[in-house]
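Computed from a predicted structure; not experimentally measured. Every chain is numbered from 1 and lettered A, B, ... according to where its sequence line falls, protein lines coming before strand lines.
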Amino acid sequence: MTDVSFSVQRGSVTGFLGPNGSGKTTTLRVLLGLVAPTSGRALIDGRGYRELPDPARLVGAVLEPVAYPARAAVDHLRALALPMRVGPRRVDEVLDAVGLADVAERPVGAFSLGMRQRLALAGALLGDPELLVLDEPANGLDPEGIRWLRDFLRSWADEGRTALLSSHVLAEVTQVVDQVVIIDRGRVALNAPMTEIAAGRVTTAELRATAGPLTDVAQGSVTVRTPHADLLAELLTAEHASRTAGLPDRLADLPGRSGGPVRRVGPDELRLPPGWAELVGQVAARHQIPLVELHTREPDLEGVFFALTGRPASGAEPEPYAGPEPHGDTSVPAQPRHRAADR
Amino acid sequence: MTTSGPGGRFTPRAGATAADQAGASARRGEARSTVRVRRRTRGRPPVPAPPPRPAGLGTLVRTEFFKISTNRGQRGAVALFLLLQIPMLGFWGAGALPEATWNGLRARSGLLLGYLLMALGVQVAAGEFRWRTATLTWLVTPARHRVLGAQLLATVALGVALSALTFTAWVVAGAVRHDAAAMRLDRPGDLAVAFAVVAVTVCAAGVVGVAAGSIARGSSAALFTLLGVGLGELVGDDTRFRGPVTSALGVLGWPTSELDLLSFWAAVASALVATAAAFVALRRDLPG
């Protein structure tokens with residue numbers, strides 16, 4: 001890590017994102033006093049974790065689901081509860097809260113990874129903390145477990161409590177976080193409120209400064225497929241030119257991007273700036289151009305993430321079309337096609 | 001799950017109006033009623049808030065005892081040791097003369113126990129790293145030296161308790177075989193010195209084990225190191241019965257009527273030096 005600096009506001013849920021090996025876990029371990037930084041500091045309520053008088057009452061942390069495997073889950077928690085000086089009743093409460101009450105007497109070694117994650121969360125909740133620090137909490141959880149975790153985090157946030165959770169699985173954080181911090185190669189690449197990212201406002205300001213030219217996924221886009229792609233592209237460019245004639249360049253370019261708003265990305269496919277769907281419909285109807293597909297892709301966190309880290313989504317295929325491409329845009333991550341089916 | 005429009009996919013709390021939030025909360029409430037109900041029954045101040053202060057050393061020692069008692073291997077080792085004492089009390093030195101029975105007292109009550117406690121100490125300290133639970137322990141008690149102190153104290157307390165048990169058992173066994181005078185019951189000073197030597201040596205061995213486990217951060221590494229160090233000590237004429245591992249043998253292996261003071265002080269000094277080294281070694285990071 002070279003330069004990681006950010007703060008987490010009380011009462012907010014902050015998503016701490018970055019690809020594997022980007023320094024998320026190390027950052028959290030520095031915050032929790034397990035790793036000493038070579039320089040810099042991490043403070044909670046103005047104090048380092050190891051200076052807190054009774055840290056487990058203020059901060060609950062889930063780093064990795066560790067436990068002595070032959071110990072019963074309830075004993076594992078009691079061993080944590082003793083130095084926290086919370087009673088055995090509290091142990092039963094947290095077991096109940098994470099849904100492990102029925103298997104409390106079973107040895108942890110018999111637990112699935114998902115159950116151990118829940119047990120780890122139970123341990124973090126023992127001291128009834130104000131701040132939760134979760135490192136990859138969704139690891140090993142099945143879809144039901146992920147939904148449970150998301151619901152839990154939402155109710156946690158609704159109670160006005162604070163959480164900092166790291167993840168490389170973006171889907172599970174988009175729905176619960178207020179603030180997004182993305183780190184890549186040991187640096188903070190982005191620190192922005194979720195609302196800004198959702199509204200697409202962050203893309204033009206911070207992103208361009210930090211990540212260079214935007215990809216479509218980060219900004220959002222309209223995809224249109226038609227057998228007459230060349231004709232449609234021509235008509236749309238003309239339409240755009242006529243509508244923006246007389247406007248200053250700065251505005252004319254909006255919501256497009258440098259190099260022109262209409263881009264050919266496949267044999268029958270055009271990629272347009274967000275908000276162009278209606279225009280496409282009108283032009284196509286006027287000129288009787290059949291459309292095979294027309295859909296809008298909203299900007300999303302995943303897009304921001306990959307735009308910043310410059311890495312394609314895992315499992316993403318490269319853009320299949322290698323034909324004539326006026327703007328040479330080959331670095332665009334593949335559009336997940338299944339999303340089109342939602343609309 | 002994927003809905004069109006940012007308002008559906010994200011939950012913009014910060015920028016939303018109160019009405020938006022109420023509506024959103026209501027919608028969310030339907031979807032996750034179970035979780036909310038659970039947390040409500042939990043109650044908001046479920047834990048009476050004491051003034052924030054670190055847990056006392058007594059609490060930490062109790063925690064270590066709880067961990068030992070709920071650890072199958074450690075609990076089992078102590079139980080097996082105690083069970084083994086029963087046949088040994090019947091057979092070990094059954095035909096010996098009264099003087100030999102007294103001379104065997106220290107070895108019989110302490111030799112096995114000393115090395116058991118050394119191994120147990122290794123497990124107590126290294127087990128936290130072997131199973132990575134040191135992360136949890138240090139999150140609750142970030143003052144690592146207090147955790148190590150508690151482990152040392154728990155091991156010492158266990159050493160004193162088990163020494164008292166075995167020592168008493170062997171004194172009673174000797175008295176039953178011969179008479180009270182054979183076991184110096186008429187000379188409590190001799191008896192007290194013999195017990196003190198056993199207890200101190202056993203505890204010193206346990207402390208060396210805890211320190212080695214804490215420094216090595218792995219039980220096999222610590223155990224094999226101790227084994228290697230012990231064998232090395234036996235080879236050297238000057239180190240035999242004077243090093244951290246074999247000094248216990250030097251004290252406890254000899255007849256009760258003789259005390260190799262050099263071995264005894266070597267055992268005590270080894271425990272102190274190993275403890276100091278372990279406290280220094282605590283500063284190392286605990287990476288993920």
Heavy-atom pairs under 4.5 Å with chain B, option from [options] with the top count:
options	result
A/P53, A/A81, A/A124, A/G33	A/P53
A/A120, A/P83, A/A56, A/A79	A/P83
A/A70, A/P69, A/G123, A/G87	A/P69
A/P55, A/P107, A/G60	A/P55

One option among B/T137, B/L136, B/T70 has the most heavy-atom pairs under 4.5 Å with chain A, and it is B/T70
Whatever's closer than 4.5 Å to a heavy atom in chain B on A/L63 counts as side chain
Please state whether the side chain, the backbone, both or neither of A/R78 comes within less than 4.5 Å of a heavy atom of chain B. both
B/T141 portion near chain A, given a 4.5 angstrom heavy-atom threshold: side chain
Of all the heavy-atom pairs spanning [X] and [Y], show the shortest one and how long it is.
X	Y	answer
B/T133	A/A67	CG2-CA, 3.7 Å
B/R144	A/L34	NH2-O, 3.2 Å
A/A61	B/L139	CB-CD1, 3.8 Å
A/Y68	B/N71	OH-OD1, 3.0 Å

To the nearest 0.5 Å, atom CG of A/D75 lies from atom CZ of B/F66 at 4.0 Å
About how many Å separate NZ of B/K67 and CG of A/L82, when rounded to the nearest 0.5 Å? 9.5 Å
Does the side chain of B/D285 come within less than 4.5 Å of A/R29's, by heavy atoms? no
